[in-house]
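Note sheet for the following structure.
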Amino acid sequence: MIAEKFGMEYVDRDGVKKKPFIIHRTSIGCYERTLALLIEKYAGAFPLWLAPTQVKLLAVADRHLDYAYEVKKALDAAGLRVEVDTRSEKIGYKIREAQIEKVPYMIIVGDKDIEAGTISVRHRKEGDLGAMSIEDFLKIADEEIKTKAIK
């Protein structure tokens with residue numbers, strides 16, 4: 001008992017020395033402790049199935065934004081958490097920012113992707129995975145989510 005270990009006692013109203021009961025209370029709950037543990041375990045680089053933003057869509061230029069939103073619509077329909085980076089920045093800067101944000105997948109869309117009806121996929125750790133159809137990417141993402149893979 002903590003009171004005995006530290007030699008704690010008090011005098012009650014009758015003048016008798018007694019050992020106090022110590023009630024431990026935390027200012028954060030179980031959910032917050034679990035979240036802190038996961039953030040520390042993964043160093044913020046959550047696996048696809050756990051990441052708050054699973055895919056970041058990056059348009060090479062403003063003229064590619066319409067296609068980026070079409071891709072977003074397809075990925076949203078599949079249940080992925082997707083954001084579109086609409087900033088007028090260079091693509092290298094957008095990729096670097098998404099890497100710093102530790103987003104598992106980046107999808108880059110440009111002129112060649114629009115013409116071919118594909119997307120260029122980049123993984124946070126594995127780098128450039130090349131051009132593929134939306135369906136092929138969804139198969140990869142779905143498998144990673146179903147198996148709870150940690151890449």
Side-chain angles (χ1 to χ4, degrees), residues 1-6 8 19-151:
M1 191 174 196
I2 294 175
E4 292 169 355
K5 183 177 180 180
F6 292 106
M8 296 179 183
K19 302 273 186 218
F21 287 97
I22 299 171
I23 300 170
H24 175 72
R25 178 189 160 304
T26 180
S27 60
I28 59 173
C30 183
Y31 174 78
E32 289 85 359
R33 285 193 300 268
T34 302
L35 191 57
L37 177 101
L38 288 170
I39 291 169
E40 186 175 342
K41 175 182 172 56
Y42 293 111
F46 295 118
L48 179 64
W49 51 272
L50 190 59
T53 301
Q54 296 171 311
V55 179
K56 190 83 137 203
L57 279 161
L58 311 172
V60 174
D62 289 343
R63 67 181 178 273
H64 307 121
L65 283 173
D66 289 338
Y67 185 65
Y69 279 106
E70 286 178 34
V71 173
K72 180 185 184 330
K73 189 176 176 182
L75 299 180
D76 282 340
L80 292 174
R81 294 180 294 275
V82 184
E83 290 180 6
V84 178
D85 189 337
T86 59
R87 298 175 300 161
S88 295
E89 298 286 349
K90 292 182 180 179
I91 194 65
Y93 181 78
K94 290 180 182 183
I95 292 170
R96 193 168 38 256
E97 287 288 306
Q99 285 284 145
I100 290 169
E101 291 172 10
K102 300 181 180 182
V103 177
Y105 283 99
M106 291 146 270
I107 293 179
I108 296 104
V109 293
D111 291 331
K112 291 179 184 177
D113 297 300
I114 293 171
E115 289 172 16
T118 60
I119 53 176
S120 296
V121 181
R122 181 177 184 81
H123 188 268
R124 172 181 62 220
K125 289 183 182 174
E126 297 171 9
D128 186 14
L129 301 180
M132 62 182 74
S133 69
I134 295 171
E135 293 78 23
D136 288 343
F137 172 71
L138 287 174
K139 287 176 190 172
I140 293 169
D142 187 50
E143 182 64 24
E144 199 172 322
I145 291 167
K146 280 182 182 176
T147 61
K148 301 286 190 261
I150 299 172
K151 288 188 174 185

Using side chain to side chain donor-acceptor pair (under 3.5 Å) as the criterion, list what pairs up with Thr86, not counting sequence neighbours.
none

Please identify each residue that fulfils side chain to side chain contact (heavy atoms under 4.5 Å, CB included) with Ile145, with sequence neighbours left out.
Leu48, Trp49, Gln54, Leu80

Distance-minimising heavy-atom pair for Asp113 and Tyr67:
O-OH, 3.8 Å

List the atom pairs, donor and acceptor, that lie under 3.5 Å between side-chain atoms in residues 101-108 and the rest of the protein, sequence neighbours left out.
| residue | atom | partner | partner atom | Å |
| --- | --- | --- | --- | --- |
| Glu101 | OE1 | Lys56 | NZ | 2.7 |
| Lys102 | NZ | Ala43 | O | 2.5 |
| Tyr105 | OH | Glu144 | OE1 | 2.6 |

Which atom names give the shortest non-hydrogen contact between Gly110 and Val60, and what distance separates them?
CA-CG2, 3.8 Å

If you measure from CD1 on Ile100 to CD1 on Ile95, what distance do you get to the nearest 0.5 Å?
12.0 Å

Under the salt bridge (charged side-chain N to carboxylate O under 4.0 Å, His left out) test, which residues partner Asp76, sequence neighbours left out?
Lys72

Ala74 meets the side chain to side chain contact (heavy atoms under 4.5 Å, CB included) criterion, sequence neighbours left out, with Ile134

Would you compute the distance between atom OG1 of Thr118 and atom CE of Met132 and round it to the nearest 0.5 angstrom?
9.5 Å

Please, which pairs that meet salt bridge (charged side-chain N to carboxylate O under 4.0 Å, His left out) have at least one residue in residues 114-133, sequence neighbours excluded?
Glu126-Lys151

Run the side chain to side chain contact (heavy atoms under 4.5 Å, CB included) test against Asp142 and tell me which residues pass, sequence neighbours left out.
Lys146

Excluding sequence neighbours, so at least two apart, what forms side chain to side chain donor-acceptor pair (under 3.5 Å) with Ser88?
Asp62

Please round to the nearest 0.5 Å and tell me the distance separating atom CG of Leu129 and atom CZ of Phe137.
9.0 Å

Listed by chain and number, what are the salt bridge (charged side-chain N to carboxylate O under 4.0 Å, His left out) partners of Asp85, not counting sequence neighbours?
Arg87

Step by step, would you call Lys148 with Leu50 a side chain to side chain contact (heavy atoms under 4.5 Å, CB included)?
CA-CA 9 Å; Lys148 301 286 190 261; Leu50 190 59; over 6 Å; no

With sequence neighbours excluded, what pairs up with Asp66 under the side chain to side chain contact (heavy atoms under 4.5 Å, CB included) test?
none

Listed once per pair and sorted, the salt bridge (charged side-chain N to carboxylate O under 4.0 Å, His left out) pairs that draw on residues 34-53, sequence neighbours left out:
none

Does Arg81 have any salt bridge (charged side-chain N to carboxylate O under 4.0 Å, His left out) partners at least two apart in sequence or in another chain, and if so, which?
none

